[in-house]
Amino acid sequence: AMRETFSGQSSMALGANQVVKNRPGRLCKVCITSVAAQFVVTDNNSIPGGQIVYSSGSQSQGTVLDLGIPCRTGIAIQFVNGTYTVSYS
């Protein structure tokens, strides 16, 4: 069995709909960089669509969400409002 050695070795700043990874991966952490941010994570390689795996609700600036969500198809984030940085592998 394969074991993941590095978790969250890639990162990306977001403020709009974005396919973070178009193949299987793991959404590791989300750091909120604006006064309020809200987003929806789907297991998909395109937007819109896919299974919703996380819906954030409003988050305060400086909040770090340690999610560790595995996605089988891809990682897509649907923007609601605010800005944030995600780490993924």
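All figures in this text were calculated on a predicted structure; none of them were measured in a lab.
Within the 4.5 Å cutoff, no side-chain heavy atoms of Q61 are placed close to those of S34. For the pair L14/V20, a side-chain contact is recorded, criterion being any heavy-atom separation below 4.5 Å from C-beta on. Looking at heavy atoms from C-beta onward, L67 lies out of side-chain contact with K29 at the 4.5 angstrom threshold. When side chains are defined from C-beta on, S10 does not count as touching S89, because their heavy atoms never get closer than 4.5 Å. Using a 4.5 Å heavy-atom threshold, the side chains of S56 and V40 count as separate. Two residues are said to be in side-chain contact when any heavy atoms from C-beta on lie closer than 4.5 Å; M12 and Q18 meet this criterion. Between V30 and T85, the closest side-chain pair of non-hydrogen atoms is not below 4.5 Å.
Applying the side chain to side chain donor-acceptor pair (under 3.5 Å) test to T33 and every residue at least two apart in sequence or in another chain returns T83.
The CD atom of Q9 lies 9.0 Å from the OG atom of S87; values are rounded to the nearest 0.5 Å. Here the straight-line distance linking atom SG of C71 with atom CD of Q51 works out to 9.0 Å at 0.5 Å rounding. Between the CG atom in L65 and the CD1 atom in I32 there is a gap of 5.0 Å [rounded to 0.5 Å].
Residue pairs satisfying the side chain to side chain donor-acceptor pair (under 3.5 Å) criterion with at least one member in residues 68-80, sequence neighbours excluded, are absent. Residues in residues 57-86 take part in these ring pair (Phe, Tyr, Trp, His ring centres under 6.0 Å) pairs, two or more places apart or across chains: F39-Y84.
When the options D43, I75, N44, L27 are evaluated for a side chain to side chain contact (heavy atoms under 4.5 Å, CB included) with V53, the one that passes is D43.
When all heavy atoms of A76 and S46 are compared, the closest pair comes out as CB-O, 3.9 Å. The heavy-atom pair separating V64 from C31 by the smallest distance is CG2-SG, 4.2 Å.
In terms of modelled atom types and a separation under 3.5 Å, the side chain of R23 and the main chain of G74 share no donor-acceptor contact.
There is no path of hydrophobic side-chain contacts, each under 4.5 Å, that joins V80 to I47.
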